[in-house]
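Written out below as structure tokens is the structure these notes cover.
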Amino acid sequence: MVLTKMTEEERIRVASVLTLPRREAKERLAGKNPICDYLVKIILDTMRTDEQWELQNASDQGMDRNQSAHPAKGEEQSRIIWNIAAIAALKDPAYVNARLISSPVLSDDLSLTEAHARHMIKMVTSCSRNAIFDDMYSKLLLE
């Protein structure tokens, strides 16, 4: 039984709420300590300038997975900090909604096939962005 073929959007659905806008990165982290400064630098370095977006649109080469999404007109550019999702789920289960499922098998076409005899995994279905970021900030700033 095939569960669903996963699109790129579906693969990042949960982590996509963990966006860090440019302004928040600067206000909450910049100048606080060397680790925070490093994080701000790598976050901002991966955000494209308007000129880079124009070049991409002209060449139609597609977006690098590590680049941030182009904001809608009038919106601030942000970066998905997807790698804190798993840490948050392990650190405090209250940060996420999850359910146990039998581990599906991933096929070459990226569809998931149900497999009842496999081990159980925790599938996160949503997460609390503000709680996760507040916790991250408190650890980075040693508050």
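None of these values were measured; they are calculated from a predicted model.
- With Asp37 contributing its side chain and Gly31 its backbone, the two residues share a donor-acceptor pair below 3.5 Å.
- Within the model, atoms NZ of Lys41 and CG of Leu29 stand 15.0 Å from one another, a figure rounded to the nearest 0.5 Å.
- A donor-acceptor contact shorter than 3.5 Å links the side chain of Arg129 to the backbone of Thr19.
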Please step through side chain to side chain contact (heavy atoms under 4.5 Å, CB included) for the pair Arg22 and Ser78, ending with a clear verdict.
-> CA-CA 6 Å; Arg22 176 186 304 269; Ser78 62; over 6 Å; no

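- In this structure, OH on Tyr137 lies 11.0 Å from NZ on Lys32, to the nearest 0.5 angstrom.
- In this structure, Ser102 and Met120 have side chains that are in contact, with non-hydrogen atoms separated by less than 4.5 Å.
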Show your working on side chain to side chain contact (heavy atoms under 4.5 Å, CB included) between Lys26 and Leu44 and close with a plain yes or no.
-> CA-CA 9 Å; Lys26 288 179 177 180; Leu44 297 183; 3.7 Å; yes

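- A donor-acceptor contact shorter than 3.5 Å links the side chain of Thr125 to the backbone of Asn97.
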Does the pair Ile84 and Ile132 meet the rule for a side chain to side chain contact (heavy atoms under 4.5 Å, CB included), with working shown?
-> CA-CA 8 Å; Ile84 65 172; Ile132 291 169; 3.6 Å; yes

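- Distance CD1/Ile101 to NZ/Lys122: 12.5 Å, rounded to 0.5 Å.
- With values rounded to the nearest 0.5 angstrom, Leu140 atom CG is found 9.5 Å from Asp135 atom CG.
- Residue Met136 holds its CE atom at 8.5 Å from CZ of Arg28, rounded to the nearest 0.5 Å.
- Minimum interatomic distance between Val105 and Arg118 (heavy atoms only, all atoms of both residues): CG2-CD, 3.6 Å.
- Each of Ile80, Leu39, Ile81 was compared with Leu20 under the side-chain contact (heavy atoms from CB on, under 4.5 Å) criterion, and only Ile81 meets it.
- The distance from atom SG of Cys127 to atom OH of Tyr95, rounded to the nearest 0.5 Å, is 12.0 Å.
- Just one residue in the list Ile42, Val40, Ile35 forms a side-chain contact (heavy atoms from CB on, under 4.5 Å) with Tyr38, and that residue is Ile42.
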